[in-house]
Amino acid sequence: SNSLLGDLMSISTITSLHLGNSSFSRHTLHFEDGIIPLLLALGQRLTSLNLEKFNKVDVMQIGDLCPRLTYLRLSCVGSYVPVFDLLKVQFSELEELELLNTRGAHVFTKTIHQIMNKAKK
């Protein structure tokens with residue numbers, strides 16, 4: 001699965017990315033060692049990001065690596081890394097947000113504030 005992600009890193013025209021894990025697959029993507037390297041390579045161009053079924057997601061890293069996002073969807077996330085810097089300007093281009101909390105993860109108020117604070121009104 002990480003070799004497939006490596007192939008994606010070389011495609012310079014990607015602006016939309018939809019990645020997730022499946023209970024029917026023998027491969028598992030992890031946020032830190034799979035998604036972060038991919039966002040380092042592609043994040044500056046992404047306008048749409050959809051992540052599904054990840055154990056842990058860091059919205060601060062998404063905000064840092066994907067400054068042009070207009071659409072963000074996080075579905076079936078096990079937990080969110082706590083947000084510590086609410087003054088940091090992130091997600092300033094965001095127009096649409098979907099948080100689907102189907103796994104019962106606690107979504108901290110600070111996490112929502114970080115995403116929505118500078119989003120387009």
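Every heavy atom of this structure was used, including side-chain atoms; hydrogens, water molecules and symmetry mates were not.
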> Are any of the side-chain heavy atoms of Lys56 and Val81 separated by less than 4.5 Å?
Replying inline: yes
> Can you check whether Gln90 reaches Asp64 side chain to side chain, under 4.5 Å on heavy atoms?
Replying inline: yes
>> To the closest 0.5 Å, what do you measure between CG (Leu74) and OH (Tyr80)?
In response: 4.5 Å
> Of all heavy-atom pairs between Pro67 and Gly43, which one has the smallest distance, and what is that distance?
Replying inline: CD-O, 4.0 Å
>> With a 4.5 Å cut-off on side-chain heavy atoms, are Asn55 and Phe31 touching?
In response: no
> Any side-chain heavy atom of Cys66 within less than 4.5 Å of one from Leu39?
Replying inline: yes
> When rounded to the nearest 0.5 angstrom, what is the spacing between CZ in Phe54 and OG in Ser79?
Replying inline: 13.0 Å
> If you round to the nearest 0.5 Å, how far is CG of Asn50 from CG of Leu19?
Replying inline: 8.5 Å
>> Quick one, Ile115 with Leu94, criterion side-chain contact (heavy atoms from CB on, under 4.5 Å). Give me CA distance, side-chain angles, the key distance, then yes/no.
In response: CA-CA 8 Å; Ile115 296 169; Leu94 197 66; 3.5 Å; yes
> When rounded to the nearest 0.5 angstrom, what is the spacing between CE in Met116 and CZ in Phe91?
Replying inline: 10.5 Å
> How about Leu51 and Ile62: do any of their side-chain heavy atoms sit closer than 4.5 Å?
Replying inline: yes
> Does one side chain, of Glu52 or Asn21, offer a donor that lies under 3.5 Å from an acceptor on the other?
Replying inline: no
> According to a 4.5 Å side-chain heavy-atom criterion applied to Ile, Leu, Val, Met, Phe, Trp and Tyr, with indirect links allowed, do Val77 and Leu99 form part of one hydrophobic cluster?
Replying inline: yes
> So, do Leu65 and Ile36 sit near enough that their side-chain heavy atoms are less than 4.5 Å apart?
Replying inline: yes
>> So, taking the atom named CG in Leu97 and the one named CD1 in Ile112, what distance separates them when rounded to the nearest 0.5 Å?
In response: 8.0 Å
>> Within the structure provided, determine whether Glu32 and Gln61 are in side-chain contact (heavy-atom separation under 4.5 Å).
In response: yes
> Between atom CE of Met60 and atom CD of Gln114, what is the distance when rounded to the nearest 0.5 Å?
Replying inline: 4.5 Å
> Any side-chain heavy atom of Leu69 sitting closer than 4.5 Å to one from Thr47?
Replying inline: no
